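Sequence positions, counted from 1, serve as the residue numbers for this chain. Predicted model, so just to flag it, every value in this text is computed and none were measured. Both backbone and side-chain heavy atoms feed into the values below; hydrogens, waters and symmetry mates do not.
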Amino acid sequence: MGEVKLFLELAEKMLTVLTKVSFLLGMAILLVYCARYGGIPDGVSVGDSLRIFLAVTVFSVGTLVVYFFLMCLGISMWSLMFWLSRFKRAKRYFFYLRMQVRAIARKNTRFWHGPSEFYRNYKRHRSFLYHFTSPVFTPMLHLLSVLTIMAMGLYIHEDYVFWYFKFTISAFLLGSWYFLITFNRLRDAQMDLVFSDVKTITKLRTEIRLSNAFYTVIVFLFVTLSLGLFNSTANQTMRLLGIRHDNATVYVRETWSKVLASHGIKGIESPLESYKSRYDNVTVALSSFGSSVSLEFHTEGESQTLRIPATEVLIDPLTSKQK
């Protein structure tokens, strides 16, 4: 019962942190997406506000799922490294890497503070004060990492190797974030048994909270920006909500047809009586959202974005489904 209770407490804390982070990133993704296409449309009604909340919620759930499965893959990678570190050859290799890192750190110290005689070429042995145990549900996360690899092979097809390198680094960072949160949680639980000074305990717990918050922000921002989740998640969510349409046909009235022609965007004559011009392969970035529509026209390898009143445009989204 004690292990189950600890599992539920840890799952609750991690879910709370991930939900807050993903919700904030969802708001940021929505703002960035709207900024790309001329900002939030005018005349947003109460119903549109609900659509905004729905979009942010979908953003949050989508990014939360991506973070979770990447974290599972990173946990398996770190566990594999810990397992390999038991072998003699792997120990020598990890020891060599540790010495190289210490040499780089020593060079940086000399660069910023000048040469000094007061440094050691070895690390003083210190006893580990805490008892660290891996959570009982870790094998389940390893199983989910296998599903992550299978999903990568089936659904992710990138044409350059550097993207997969960023994917691996992101998984490593999220896995290290999981172990950091777990380790700090165990430190916080055992601190009263290790130290007797109240000031020391208070100081260490403040450092734990700061390190958790700082590392969480850095890791999630890096993963979001490096993998392009702002663009891909936003586009996919807008398509799911019916706000975005790719390769759609758009009919525009006479006044705004002249405006588009003045910018070098020429359409063909519309068969509809009330509309002057017709434009094919248009990306409708924001529709059914406020009193205006954001259109992205693709001409000769360039893209031009224009916001047009919703009453001046007729969108045919069926063409995007047929193609």
Connected via hydrophobic side-chain network under 4.5 Å: Leu295 and Leu272: no
Short question: side chain of Thr148, backbone of Leu144 - any donor-acceptor pair under 3.5 Å? yes
Looking at side-chain heavy atoms only, is the closest gap between Ser270 and Lys276 below 4.5 Å? no
Which residues satisfy the salt bridge (Lys or Arg N to Asp or Glu O under 4.0 Å) test with Glu207, sequence neighbours excluded? none
Donor-acceptor under 3.5 Å (Ser277 side chain, Glu269 main chain): no
Considering all heavy atoms of both residues, which atom of Ser76 and which atom of Leu141 are nearest to each other, and what is their separation? OG-O, 4.4 Å
Strictly distance-based, threshold 3.5 Å: is any side-chain N or O of Ser257 a donor or acceptor partner for the main-chain N or O of Val252? yes
Please give me the minimum heavy-atom distance between Asp316 and Ala248, naming the atom from each residue. O-CB, 3.9 Å
Identify whether Leu143 and Met77 are in the same connected component of the hydrophobic contact network (ILVMFWY, side-chain heavy atoms under 4.5 Å). no
Rounded at 0.5 Å granularity, tell me how far OG1 in Thr311 sits from CH2 in Trp256. 10.0 Å
Between Ser176 and Trp78, is any side-chain donor less than 3.5 angstrom from a side-chain acceptor? no
Does any non-hydrogen side-chain atom of Phe222 lie less than 4.5 Å from one of Ile169? yes
Indicate if Ile315 and Leu306 have the same hydrophobic cluster label, given that clusters are the connected sets of ILVMFWY residues with side-chain heavy-atom separations under 4.5 angstrom. yes
Side chains of Asn281 and His298 in contact at under 4.5 Å (non-hydrogen atoms): no
Just how far is it from atom CZ of Arg209 to atom CG of Leu204, taken to the nearest 0.5 Å? 11.0 Å
Separation between OG of Ser170 and CZ of Phe165, rounded to the nearest 0.5 Å: 10.0 Å
If you compare all heavy atoms of Ser287 against all heavy atoms of Ile243, which two are closest, and at what distance to 0.1 Å? OG-O, 3.0 Å
Heavy atoms, side chains only, cut-off 4.5 Å: are Phe195 and Lys203 in contact? no
Would you kindly confirm whether Val146 and Val66 end up in one hydrophobic cluster when ILVMFWY residues are joined by side chain heavy atoms under 4.5 Å apart? yes
Of all the heavy-atom pairs spanning Tyr251 and Tyr275, show the shortest one and how long it is. O-CD2, 3.6 Å
Would you compute the distance between atom CG of Leu180 and atom CD1 of Ile208 and round it to the nearest 0.5 angstrom? 9.5 Å
Got a second to check how far Leu210's CG is from Thr206's OG1, nearest 0.5 Å? 6.5 Å
Taking Phe179's backbone N and O only, do any of them form a donor-acceptor pair with Thr182's side chain (distance below 3.5 Å, no angle check)? no
Does the Arg205 side chain pair with the main chain of Asp188, one donor and one acceptor, at a distance under 3.5 Å? yes
Testing the basics here: between Leu174 and Met71, what is the closest heavy-atom pair and its distance to 0.1 Å? O-CG, 3.5 Å
Is there a chain of hydrophobic side chains (I, L, V, M, F, W, Y, each step under 4.5 Å between heavy atoms) that links Ile218 to Ile181? no
Evaluate the side-chain proximity of Leu173 to Tyr215: yes if any heavy-atom separation is below 4.5 Å, no if none is. yes
So, for Lys166 and Ser226, which heavy atoms are closest and what is the spacing to 0.1 Å? NZ-O, 3.0 Å
Working to the nearest 0.5 Å, report the span between CZ of Arg253 and NZ of Lys258. 14.5 Å
